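Here's the structure we're looking at; comments come further down.
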2 protein chains.
Amino acid sequence: MAGADDAVFRPVRAGNPFEETVERLLQAIKLGVVGPGERLPAERDLAARLNVSRVTLREAIRALTDSGYVESRRGRYGGTFVNERLPKPRRTSAKQLTRELGAGVDDALVLRSALETGAAEAAAARVLTEAEVEHLRRCLAETSTAKLGDYRRMDSRLHLAIAEVSGSPSLTSATADVRMRLNELLDAIPLLAVNLEHSNDQHDAIVTAILAGDSVAARQAMQEHLSGTAALLRGFLT
Amino acid sequence: MAGADDAVFRPVRAGNPFEETVERLLQAIKLGVVGPGERLPAERDLAARLNVSRVTLREAIRALTDSGYVESRRGRYGGTFVNERLPKPRRTSAKQLTRELGAGVDDALVLRSALETGAAEAAAARVLTEAEVEHLRRCLAETSTAKLGDYRRMDSRLHLAIAEVSGSPSLTSATADVRMRLNELLDAIPLLAVNLEHSNDQHDAIVTAILAGDSVAARQAMQEHLSGTAALLRGFLT
DNA sequence: CGTCAATGGACTGACTGCAGACCAATAGAA
DNA sequence: TTCTATTGGTCTGCAGTCAGTCCATTGACG
């Protein structure tokens, strides 16, 4: 049994600042926070926000440049831009992923369920600003009309948008993190048009419930949506 | 409005390894993972688990020694022990705490609700080992019979125990973290015997539901328990 | 009564990440 | 065309952290 010790005496940091920074930038790209062709914040700003030295940030950017995610241009109105064509995901076999992630999959799925159903519930209970409603609707629309290659990223962004309107930044961050942990796994699963359609319906139900202020329905809809994915993932890994 | 940027471009690390380590040790003490008179893991082990050099860990321990939390003894069967009498919490006024924490209180409360209700639900849905049941029952009993000065710590430990039996280490860690964020605030609120009794009843309901495998009731009971505390906290800060 | 294993305590040399200053390129504005 | 603000690119010296090694102390056990 895992004692409370394991929770409180877990590693203070996952890796060195460089690695963590790379991970964070990848998060921004893979979760669709900055889309293809869009620009990252200027190095000085970004370094300040990440609480990392500019040197370290630049090393991270360099790594992403080398692996084909971004490109930098100098001069005023320059910056670091996300490439229009992103590198393909690894596409490892589900079997190997099981071995890699092991019990971590279940861990992530349980955490995800708690975070996202909680976020949906909290979001519905809140009074949203016009900008928030707009953003939510926009993400929903863009997800439902996304091409197959873009679907995963748009889906991530929609789920993140829902977490955002919960009004809890910590909840948003945690949601983004756990999504990243599952992303590699999701990439190993083929996207079927029928599933996709079903997914869109569920997204619609969730957002509708949130906008209607019905927190019970919002939680319920999110719960159903997530359990579908969870079952799919657990199934592929057995 | 807080964009998704803020979630993904948040600081990579809260402080330097030294500060983080101090925080983690305080977590272990204040959440009752290691009680008064008990021993911390040996420096070499602990440093490895925290993924921190022994030098850094020792500096952190030194800081806690200076502030009266722990004491170290050399030799075989020695070690670093938590003091029987812990330093008193700051007891700042609620008004000042509001200013300090600001919107962070609401953030933490929303996150806490999501995590702990999710944990209770997941725990009830799981088949618990005998050791887990034992641990849960023990924490419950010790909380209900705790003296006023020990109550907060025992309560923390019970909530942490519930998170543990969710089976998701990440969920447990997150629960511990958010509890630490709220702890200072909780210390600013007087403990009334009547509230305490009510709290014990709720704890009992939660644990009973979990042991019965009734995930709906478990979530419900936890939800009620937390909303009481949340209302109390929000009230004191208005 | 000595032995010894396990613990905290102390030191060194190397490396990493940092803040800050400065250089170089770029494109819009004057 | 020239100016200039903004951006990425580069360098240096400093503080923090690390892995590894050895020392000092202690108390149970033979």
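When reading the values below, keep in mind they use all heavy atoms of this one structure, side chains included, and skip hydrogens, waters and symmetry mates. Each chain gets a letter, A, B and so on, in the order the sequences are listed, and its residues count up from 1. Keep in mind that what you see is a predicted model, and the values were worked out from it rather than measured.
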Inset, instruction - Please work out whether the ring planes of A:His203 and A:His159 are parallel, tilted or perpendicular, with thresholds of 30° and 60°. - result: perpendicular
Legend entry - N/O (side chain, B:Thr56) to phosphate O (OP1/OP2, D:dG16) under 4.0 Å: no
Inset, instruction - Write down the distance between CZ (A:Arg13) and P (C:dG17), rounded to a whole number of angstrom. - result: 10 Å
Legend entry - No-hydrogen, no-angle side-chain donor-acceptor test under 3.5 Å, A:Ser168 and B:Asp107: yes
Inset, instruction - Go through D:dT17, D:dT7, C:dC18 for me and flag the one nearest to the A:Ala42 side chain. - result: D:dT7
Inset, instruction - Measure the distance from CD on A:Glu71 to P on D:dT7 and round it to the nearest whole Å. - result: 19 Å
Inset, instruction - Using atom CG of B:Asn16 as one end and atom P of C:dT16 as the other, report the distance to the nearest whole Å. - result: 19 Å
Inset, instruction - Starting at atom CD of B:Glu20, determine the distance to atom P of D:dT17, rounded to an integer number of angstrom. - result: 11 Å
Inset, instruction - Rounded to the nearest angstrom, tell me the gap between atom CG in A:Leu57 and atom C1' in C:dC18. - result: 13 Å
Inset, instruction - Among residues two or more places apart or on two chains, list those pairs meeting salt bridge (charged side-chain N to carboxylate O under 4.0 Å, His left out) that have a residue in residues 8-17 of chain A. - result: A:Arg10-B:Asp177
Inset, instruction - Tell me yes or no: between the side chains of A:Ser170 and B:Arg181, is some donor less than 3.5 Å from an acceptor? - result: yes
For nucleotides 28-30 of chain D, which of its nitrogen or oxygen atoms have a protein nitrogen or oxygen under 3.5 Å away, and what is each distance?
none

Inset, instruction - Can you tell me the distance, in whole Å, between the CG atom of B:Leu40 and the P atom of C:dT7? - result: 13 Å
Inset, instruction - Could you verify whether a donor N or O on one side chain and an acceptor N or O on the other, from B:Thr175 and B:Thr172, lie under 3.5 Å apart? - result: no
Restricting to nitrogen or oxygen on both sides, can you table the protein-nucleotides 9-12 of chain D pairs closer than 3.5 Å?
residue	atom	partner	partner atom	Å
D:dG9	OP2	A:Arg58	NH1	2.6
D:dG9	OP2	A:Arg58	NH2	3.4
D:dG9	O4'	A:Arg74	NH1	2.9
D:dG9	N7	A:Arg54	NH2	2.7
D:dG9	O6	A:Arg54	NH1	3.0

Legend entry - Sidechain-backbone polar pair: B:Glu142 side chain, B:Cys139 backbone, donor-acceptor under 3.5 Å: no
Inset, instruction - Round to a whole Å and report the spacing from CG of B:Asn51 to C1' of D:dA19. - result: 12 Å
Legend entry - Pairwise distance CG(B:Asn16) to OG1(B:Thr21) - rounded to 0.5 angstrom: 8.5 Å
Inset, instruction - Ignoring hydrogens and angles, state whether a donor on the side chain of A:Thr80 or A:Ser72 is under 3.5 Å from an acceptor on the partner side chain. - result: yes
Inset, instruction - Take atom CG of B:Leu50 and atom C1' of D:dT17, then tell me their distance rounded to the nearest Å. - result: 15 Å
Legend entry - B:Asp45 and B:Arg49 ion-paired at < 4.0 Å: no
